[in-house]
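Data first, discussion second: the structure below is written as structure tokens.
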Amino acid sequence: MFFISFSALLALASACGLPHGFEKKQLTKSAIKNVHVWDGNKFSSNLSTVVFINGRLANAPSSDATMIDGKGGYLLPGFIDSHCHITKCSYLDDMKHYGVTTALDMGTFPVSSVDACKASGTSDVRTSGAAGTVNGTALSHIPGFPADSYIVDPESGRTFVQNRISEGADYIKVFLDPLGPDEATLAAVVQAAHAAGKLVIAHSTIYADYSLAEAAKVDIPCHAPLDKAIDALSLANLTANKQVSVPTLIMMQSIVNNTHAPFQTYTLHAEASVTNMHGAGVPILAGSDANDSPYVPANPPFGSSLHSELQLLVQAGLSPVNAIQSATSLPAEKFRLYDRGSILPGLRADLVLLSADPTLDIRNSLSIQNVWVNGVGLYPPA
Ligand SMILES: *[C@@H]1O[C@H](CO)[C@@H](O)[C@H](O)[C@H]1NC(C)=O
Ligand SMILES: *[C@@H]1O[C@H](CO)[C@@H](O)[C@H](O)[C@H]1NC(C)=O
Ligand SMILES: *[C@@H]1O[C@H](CO)[C@@H](O)[C@H](O)[C@H]1NC(C)=O
Ligand SMILES: *[C@@H]1O[C@H](CO)[C@@H](O)[C@H](O)[C@H]1NC(C)=O
């Protein structure tokens, strides 16, 4: 790489005698010109300019801004990965290189270890902290797994929720497994979380656990069943409850391959579930399940696997436009991250510049020219 990083340039500027704090007090005003801009449903057909000031999108004129030439490219809101495991802060940098500007962690503990990763210039992160589960699941064997995450009855379910909330968790994660928890315990978790204004996200990799998540009114079941496709009975519940799915197809396909199960296990169950849910109008969010854990059967890589997920969602029947929405505006809405997910004045300047149109071929989501997180670019202006 022959690029000098933006922070290296800043360091150089202050070494050259700018008064201390000078760059902080100045308004940092940038403008990306000559780009097709995503409006939530399509790209503008003409070329326009997007301005951001101190990390926020603006509709101010761009005459005194640092000009960045988008060279006829395609400007999208930064991608949101709705399911990943940020066990090391450096994974956020890996994700930024792939245009993933928000990572939604699902189970790393303690919450403070994830919060410590929040730093200017790298991708933003939210976390559930430890997931609730029963003793004996794969998750519970992770060394250091907190004992207060064992949910064995409604009472321990409520205590678990209170402990995560006092720890600062952004939402509540539960790990459903044939071993448990039971419906009454899960319902108590959901009630306690909702009373505190928190969403509940569930690990559900089999049909019965989708049914359990439906019965207990979990907000967001994750993964897709590998034993039986989501059918009309399950769809009726999901739509009536306004539930949202994060199917993590790249994870499900990787599990099938790694365990040498017949490939139809993927197509007839996981992929068909997404086809059916999308057909019935269940909102689908893109999540990779990127992780580095030796305790799970597959480890999708950080950043690149979100693009694999977009391709698998399109194979399952989403249009490329739907797939883009599943990684931008939809997760922002469903996870209540109202400061991102669209290119609108006042929102965070989390942006991805592509050289090729991803609505023509979703694989063009990988034609990344630059990425900005809160207005901080990965590469200096070209
Ligand atoms: C380009 O399109 C946008 C909306 O897509 C519109 O607001 C703007 O006025 C157009 N600019 C020109 C020069 O046509
Ligand atoms: C979990 O189960 C194991 C094996 O049965 C047992 O040794 C351990 O004490 C249990 N942990 C808790 C917190 O109940
Ligand atoms: C649907 O919801 C009902 C009632 O909440 C529940 O009993 C059932 O297990 C759910 N799933 C399916 C597939 O019916
Ligand atoms: C799984 O295997 C199939 C072929 O059997 C291949 O097309 C696919 O790319 C593999 N998926 C992953 C995630 O490795």
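In each ligand, atom 1 is the first atom listed, and ligand 1 is the first ligand listed.
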Name of the residue among N258, L312, T265 meeting side-chain contact (heavy atoms from CB on, under 4.5 Å) with Q253 = L312

E214 to ligand 3: N or O pair under 3.5 Å?
-> yes

Is the closest basic N to carboxylate O distance between D115 and K118 below 4.0 Å?
-> yes

Counting each atom of ligand 4 from 1 as listed, which ones have a heavy atom of Q253 under 4.0 Å away?
-> 8 (C), 9 (O), 10 (C), 11 (N), 12 (C), 13 (C)

Is it the side chain (CB and beyond), the backbone, both or neither of Y210 that lies under 4.0 Å from ligand 3, heavy atoms counted?
-> neither

Verify the distance criterion only: is there a donor paired with an acceptor across the side chains of T248 and H223 at less than 3.5 Å?
-> yes

Return the orientation label for the Y74 and H36 ring planes: parallel under 30°, perpendicular over 60°, tilted otherwise.
-> parallel

With heavy atoms of I250 as the reference, note each atom of ligand 4 found under 4.0 Å away.
-> 13 (C)

For ligand 4, which atoms, with element, lie under 4.0 Å from some heavy atom of S254?
-> 13 (C)

Ring pair (Phe, Tyr, Trp, His ring centres under 6.0 Å) assessment of F79 paired with H307 = CA-CA 10 Å; F79 299 122; H307 296 268; 5.5 Å; yes

Atom 2 (O) of ligand 2: which protein heavy atom is closest, and how many Å away?
-> N135 ND2, 2.3 Å

Of all protein heavy atoms, the one nearest atom 7 (O) of ligand 3 is A215 CB, 4.5 Å

Which residue owns the protein heavy atom closest to atom 11 (N) of ligand 3, what's the atom, and how far is it?
-> N237 ND2, 2.8 Å

Output the list of atoms in ligand 4 that are nearer than 4.0 Å to some heavy atom of F263, sorted by atom number.
-> 1 (C), 2 (O), 3 (C)

What pairs with D292 under side chain to side chain contact (heavy atoms under 4.5 Å, CB included), at least two apart in sequence or on another chain?
-> T87, K88, Y91

Relative to the ring of Y150, is the ring of F145 parallel (under 30°), tilted (30 to 60°) or perpendicular (over 60°)?
-> tilted

Write down the atom of S305, the atom of A290, and the distance for their closest heavy-atom approach.
-> OG-CB, 4.0 Å

Looking at atom 9 (O) of ligand 3, what's its closest protein heavy atom, distance included?
-> S211 CB, 3.7 Å

Subset of ligand 2 atoms that lie under 4.0 Å from at least one heavy atom of Y150 | 12 (C), 13 (C)

Do I201 and F335 have side chains that get closer than 4.5 Å, going by heavy atoms?
-> yes

Considering only protein heavy atoms, determine whether one is less than 4.0 Å from atom 5 (O) of ligand 2.
-> no

closest protein heavy atom to atom 14 (O) of ligand 4 is N257 ND2, 3.3 Å

